[in-house]
Each structure stands twice: as structure tokens, then as C-alpha cells.
Amino acid sequence: MEFSNTQLRILIDERKNRNVEYHTTTNKKKYLFWNEIAEKINDQENTNYFTGDACHKKFLGLTKAFYTAEKYKEGTGTKRSLVGEEIYEEFSTMFWLKPELPFEQVRNENVRSSSANSPEASSSSISPKRPKGKSSSEQQPLEKAVKESPTIGASGKSSSLATSSNPAETPNISRPVTPTIPSFSQNANVINVTFNYGGASED
């Protein structure tokens with residue numbers, strides 16, 4: 001069914017101005033919505049052949065033509081639509097989509113604000129802290145590995161940088177105990193000699 005420019009204008013304006021009504025109407029009664037638009041076109045254009053089903057199909061064709069023109073403009077489609085290009089500016093507002101009802105607007109705003117203030121969202125922008133109770137060697141394993149890795153000196157032999165700083169590997173600390181044993185025995189001999197000498201003088 002062909003629509004004149006005037007008839008097409010009535011169809012678009014009615015669908016746009018009554019968009020909230022359209023989406024609040026149940027699917028079983030949406031045919032009544034389109035029938036009312038058809039009756040308005042017939043009344044204003046002195047016709048009697050426009051039906052609600054014809055108006056519905058025509059508007060679906062307009063939205064399809066718009067999407068075709070949109071894809072072509074964005075470079076994602078190769079097919080042009082002259083009708084879509086003519087109505088592109090007006091249909092780019094997507095006026096036929098379901099609007100947000102007042103309670104949906106409040107809910108969506110709360111969801112957006114809560115997600116923006118959530119710990120997950122805020123933690124992503126904060127640099128991670130070092131865990132408490134960890135030593136510097138645990139926090140920096142790479143630095144520890146470098147310090148403990150053997151190095152090659154001028155003589156060609158490997159030497160460890162960590163040997164001098166590790167008390168468990170320096171045996172000279174526990175060895176001074178052994179020289180005290182002979183000194184103790186010498187003192188004992190001196191005492192024995194002195195004791196015998198004193199006994200001889202008493203005789």
C-alpha cells in the first residue's frame with residue numbers, strides 16, 4: 001500500500017507522539033493502537049482503505065530502511081536505502097524505542113551510581129599495597145635472586161655475594177674454643193708442680 005507524503009507524515013507523527021502509550025499497551029491490544037492511527041489517516045485524507053495492519057507494516061519498513069542507511073553511512077553495509085536516507089535525521093533519535101519510565105530511571109541511576117562507588121570499581125584505580133608482615137626479601141624476590149646468584153670474578157671462578165653476609169657460612173666464629181684446652185692442661189701442670197714442691201719443703 002502506497003502512502004503519500006502527507007499520509008506518511010501522519011503515521012510518523014502519531015507513532016512518535018504516542019510512543020509511551022504504545023509501549024504501555026499490551027501486545028494483545030496493540031492492534032487497536034494501529035487501528036486508531038489508520039482511522040486518523042482516513043479521516044484527514046478522506047480515505048477508507050488504510051488499516052491498522054497496513055500502518056504497522058509501513059512503519060516497520062521505515063525503521064528497516066533507517067537501519068540499512070545507518071549501516072551504509074557507518075561503512076558496515078553495502079546496500080543503500082533512499083527512503084532511509086530521507087528519514088535518517090529524524091529516525092536517528094530512535095523515538096520508537098521503549099522509553100525509561102520514572103521508576104526505571106531512578107533504578108538505573110541508582111545502579112550506575114552504586115557501580116561507580118563499588119569497592120571493585122574503586123580498587124581498580126588504586127595501586128595494590130604490599131601485604132603486611134612480609135619481609136623485604138619476600139616482597140622483592142627478583143632483588144634477592146640477584147644478590148644470591150654467583151658472579152664470575154677476574155680469576156674465572158664463581159663467587160657468591162651473599163657468603164659474607166650469612167653468619168652460618170663463617171666457621172671462624174666457633175673455632176676459638178679449641179685452643180683453650182692445651183692452656184688449661186698447662187695450668188694444671190703448674191699447679192701439680194707447686195703442690196709437690198711444697199710437700200718436699202715440709203719434710
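Between Ala38 and Gly52 the shortest heavy-atom distance is CB-N, 3.6 Å. Among all heavy-atom pairs drawn from Lys79 and Tyr72, the shortest one is O-CB, 3.6 Å. Contact detail for Ala69 and Gly84: the closest heavy-atom pair is CB-C, 3.6 Å.
For residues 49-69, the salt bridge (Lys or Arg N to Asp or Glu O under 4.0 Å) pairs, not counting sequence neighbours, are Asp53-Lys57. Counting only residues at least two apart or on different chains, the salt bridge (Lys or Arg N to Asp or Glu O under 4.0 Å) pairs with a member in residues 21-36 are Arg18-Glu21, Arg18-Glu36. A salt bridge (Lys or Arg N to Asp or Glu O under 4.0 Å) check over residues 81-95, counting only residues at least two apart or in different chains, returns the pairs Arg9-Glu90, Lys16-Glu90, Arg80-Glu85.
In this view, Thr25 satisfies the side chain to side chain donor-acceptor pair (under 3.5 Å) rule with no residue, not counting sequence neighbours. Every residue two or more places apart in sequence or in another chain was checked for a side chain to side chain donor-acceptor pair (under 3.5 Å) with Lys71, and none qualifies. Partners of Glu70 by side chain to side chain donor-acceptor pair (under 3.5 Å), not counting sequence neighbours: none found.
Taken from CG in Asp13 to CZ in Arg15, the straight-line distance is 12.5 Å, to the nearest 0.5 Å. Cys55 contributes atom SG, which lies 11.5 Å from atom CG of Leu60 (distance to the nearest 0.5 angstrom). Here the CG atom belonging to Asp43 is positioned 9.5 Å from the CD1 atom belonging to Ile10, to the nearest 0.5 angstrom. Phe33 contributes atom CZ, which lies 7.5 Å from atom CD of Glu14 (distance to the nearest 0.5 angstrom).
No option in Asn19, Ile12, Asn17 other than Ile12 meets the side chain to side chain contact (heavy atoms under 4.5 Å, CB included) test with Phe95.
Residues Leu62 and Leu8 meet the side-chain proximity criterion, which asks for heavy atoms closer than 4.5 Å. At least one side-chain heavy atom of Lys73 sits under 4.5 Å from a side-chain heavy atom of Tyr88. Looking only at side-chain heavy atoms (C-beta outward), Thr6 and Gln44 stay at 4.5 Å or farther from each other. Taking the side chain as every heavy atom from C-beta outward, Phe66 and Trp96 approach each other to under 4.5 Å.
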Requested in this report: Report the C-alpha separation of Phe59 and Ile37 in whole Å, then their side-chain angles, then the decisive distance to 0.1 Å, and conclude whether the side chain to side chain contact (heavy atoms under 4.5 Å, CB included) test is met.
Outcome: CA-CA 11 Å; Phe59 190 80; Ile37 294 179; over 6 Å; no

Report task. Before giving the answer on side chain to side chain contact (heavy atoms under 4.5 Å, CB included), spell out for Gln7 and Thr47 the whole-Å C-alpha distance, their side-chain angles and the decisive distance to 0.1 Å. Result -> CA-CA 10 Å; Gln7 295 164 353; Thr47 57; 4.2 Å; yes

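The same ILVMFWY cluster, assembled from side-chain heavy atoms under 4.5 Å apart, contains both Leu97 and Leu11. Under the 4.5 Å side-chain heavy-atom criterion for ILVMFWY residues, a single connected hydrophobic cluster contains both Tyr49 and Ile41. In the hydrophobic cluster analysis, where Ile, Leu, Val, Met, Phe, Trp and Tyr join through side-chain heavy atoms closer than 4.5 angstrom, Phe91 is grouped together with Tyr67.
By the 30° and 60° cut-offs, the orientation of the rings of Trp34 relative to Tyr22 is perpendicular.
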